[in-house]
*Asks:* 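The structure's right below; bear with me while I get my questions together.
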Amino acid sequence: MSKPFDIDLGSLTGHAPPIGVVPSHLVEPGNRGTFFLETFGCQMNDHDSEKVAGVLLSRGYQQVESPEAAGLILYNTCSIREKAAQKVFSRLGEYRERQGEGKVIGVLGCVAQQEGEDIFERAPWVSLVCGSASYRKLPELIAQLEAGSQRVTGLETDTDETFETEMTRRDNPWRAYLTIIEGCDKACSYCVVPYTRGPERSRASGAILREVRQLAELGYSEVQLLGQTVNSYADPTPGKMRFAELLLAVAGVPGIRRVRFTTSHPSDFTRDIVEAIETETKICDHVHLPVQSGSTKVLRAMQRTYSREEYLAKIAMIRGAKRPIAITTDIIVGFPGESEPEFEETLSLLEEVKYDSLFSFKYSPRPNTPSLKMPDAIPEEEKSRRLALLQEKQREIQTARNGSLVGKTFEVLVSGKSRKENQWSGYTSSHRVVNFASREQELLGTYIQVRVTSATPNSLVGEHAV
Ligand code: 5AD
Ligand code: SF4
């Protein structure tokens, strides 16, 4: 799988030991009141983990960096593809014995929502199963366990409880994730999200803006608005702020220097979003616009609600903007019935769009989804062959695209310091990773100009331009 710009998400999300985690050697093993939280999956899950951590920390729990040191072991899970779901069960298997030591093991997130109480059958050492809409209830659920309940669940999907909590504990000191829309009302035939995250619910624009102001006061300069279909945002309040207006309003909050948003659905991608990016440079020049396939026939079978031509019209609209906008995408190869010529249409779409980066996946049949029952499954080896071809083509495209940026200067938000002396890393507005040299001592969290000196398919190399 290739990653948009090879982002070091580890350092930006919950995958690296987050700030404020108590090192293992300082905690009594199995200490009650301590939790270990591992996150699988997408940015929405990373952000959900920040909410879970916040809820528990506010109740006096301490976060620790190993399951051994924790009284409560939590897995925030992903079920988008089978492999991700399997990983959760194998991880759970590793902690089977721990239950005997009095530890509580809990499954959160999409696998929890999807499998529900069946998890207790498959992994009887699990005693807590809780989906994303019920995280506010976690302390209550844990208290029930401490009071003697054997098994507890929180599995509602259509509550408004999923949005930010006052306690959300963010892992990155500069970039704040903010959920503005939860769930999904689309019905892509391969996708579990409508089942695991429930129907679409948008958060009130006033509440979003209030929170952005608070985030800015806390020192965050970049806000990333999140939603499975973020641009389907429908303000539930009388002002009915449109998504593009919301982007502009967020960008207008004093202290905010960058606004990102992900993931956009092509059908709801309107011209006013492009215009907002054109007029307000604080709105990042990057759009993640999953296409999934370059074949109209496959798109129909996927129930994606647009044709190849309609998608390309959206691309033309974005490419026509007054300032260049990076475009990234998601692609699924080997959807049931995808013929060789249909796959080649995806390759030709890559040639035509010249994406700045993409995530690519082999189709994975998922429970409850309409495509599960579709005939003409593509053999695994064939899916692998198509994936490799696709990634090779994209590598060529990225090599050329990044190569064309050599000599240019970009503003970079510095977010990493290398162990190597004078080496730093950060992101451009278009979300490219830049590794660069600077003799400055304190750059983390600052915005600086970097001149690109060379490029790889996944990142840029540069030097601090003073
Ligand atoms: N099989 C493979 N990839 C999938 N995705 C979603 N469901 C599946 C599935 N069943 C991919 C889509 C989506 C991304 C988040 O995951 O490309 O955009
Ligand atoms: Fe899944 Fe489609 Fe909704 Fe995206 S838009 S979350 S792929 S159902």
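The model shown is predicted, which means the values in this text are computed figures rather than measured ones.
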*Asks:* Are there more than 12 heavy atoms of other residues, nucleotides or ligands under 6.0 Å from atom CZ of Arg439?
*Replies:* no

*Asks:* Just so I know, are the side chains of Thr168 and His47 near enough to count as touching, which here means a heavy-atom distance under 4.5 Å?
*Replies:* yes

*Asks:* Does anything in residues 243-261 form a side chain to side chain donor-acceptor pair (under 3.5 Å)? List the pairs, not counting sequence neighbours.
*Replies:* Glu222-Arg260, Arg257-Glu411

*Asks:* Any donor-acceptor pair under 3.5 Å linking the side-chain atoms of His286 with those of Ser430?
*Replies:* no

*Asks:* Of all the heavy-atom pairs spanning Ser438 and Leu443, show the shortest one and how long it is.
*Replies:* OG-CD1, 3.5 Å

*Asks:* Which residues satisfy the side chain to side chain contact (heavy atoms under 4.5 Å, CB included) test with Val152, sequence neighbours excluded?
*Replies:* Leu128, Leu141, Gln144, Leu145, Ser149

*Asks:* If you define the side chain from C-beta out and look only at heavy atoms, does anything of Asn76 sit under 4.5 Å from Val52?
*Replies:* no

*Asks:* Any donor-acceptor pair under 3.5 Å linking the side chain of Ser371 with the backbone of Ser189?
*Replies:* yes

*Asks:* Taking the side chain from Ser364 and the backbone from Glu82, do they hold a donor-acceptor pair closer than 3.5 Å?
*Replies:* yes

*Asks:* Not counting sequence neighbours, which residues clear side chain to side chain contact (heavy atoms under 4.5 Å, CB included) with Pro236? List them please.
*Replies:* Ser202, Ala204, Tyr233

*Asks:* Can you find a pair of side-chain heavy atoms, one from Tyr447 and one from Ser221, that are under 4.5 Å apart?
*Replies:* yes

*Asks:* Can you confirm whether Tyr195 sits close enough to Arg366 that some side-chain heavy atom of one is under 4.5 Å from a side-chain heavy atom of the other?
*Replies:* no

*Asks:* Output all residues satisfying side chain to side chain contact (heavy atoms under 4.5 Å, CB included) with Lys282, sequence neighbours left out; order by chain, then residue number.
*Replies:* Ala251, Glu280

*Asks:* Under a 4.5 Å cut-off applied to non-hydrogen side-chain atoms, are Tyr75 and Leu92 in contact?
*Replies:* yes

*Asks:* Has Arg319 got more than 12 heavy atoms of other residues, nucleotides or ligands less than 6.0 Å from its CZ?
*Replies:* yes

*Asks:* For the side chain of Ser49 and the backbone of Thr39, is there at least one donor-acceptor N/O pair under 3.5 Å apart?
*Replies:* no

*Asks:* Can you tell me if Glu117 has over 12 outside heavy atoms packed within less than 6.0 Å of its CD?
*Replies:* no

*Asks:* Should we count NZ of Lys186 as having more than 12 external heavy atoms under 6.0 Å?
*Replies:* yes

*Asks:* Tell me every residue that passes side chain to side chain donor-acceptor pair (under 3.5 Å) with Glu140, counting only those two or more places apart in sequence or in another chain.
*Replies:* none

*Asks:* Give the ring-plane orientation class for Phe35 versus Tyr61, where under 30° counts as parallel, over 60° as perpendicular and anything between as tilted.
*Replies:* perpendicular

*Asks:* Can a donor-acceptor pair be found, under 3.5 Å and without considering hydrogens, that links the side chain of Thr329 to the backbone of Leu289?
*Replies:* yes

*Asks:* So do the side chains of Val414 and Trp174 get within less than 4.5 Å of each other, counting heavy atoms only?
*Replies:* no

*Asks:* Side chains of Cys130 and Tyr135, heavy atoms from C-beta outward: is any pair under 4.5 Å?
*Replies:* yes

*Asks:* Does any part of the side chain of Asp356, heavy atoms only, come nearer than 4.5 Å to the side chain of Arg432, both counted from C-beta?
*Replies:* yes

*Asks:* Can you establish whether the number of heavy atoms outside Arg151 located under 6.0 Å from its atom CZ is more than 12?
*Replies:* yes

*Asks:* Please list, chain by chain and in numerical order, all residues satisfying ring pair (Phe, Tyr, Trp, His ring centres under 6.0 Å) with Tyr363, sequence neighbours excluded.
*Replies:* Phe335

*Asks:* Check this for me: does any side-chain nitrogen of one of Glu211 and Arg170 sit under 4.0 Å from a carboxylate oxygen of the other?
*Replies:* yes

*Asks:* Return yes if some donor-acceptor pair links the side-chain N/O of Ser132 with the main-chain N/O of Gly109 below 3.5 Å, else return no.
*Replies:* no

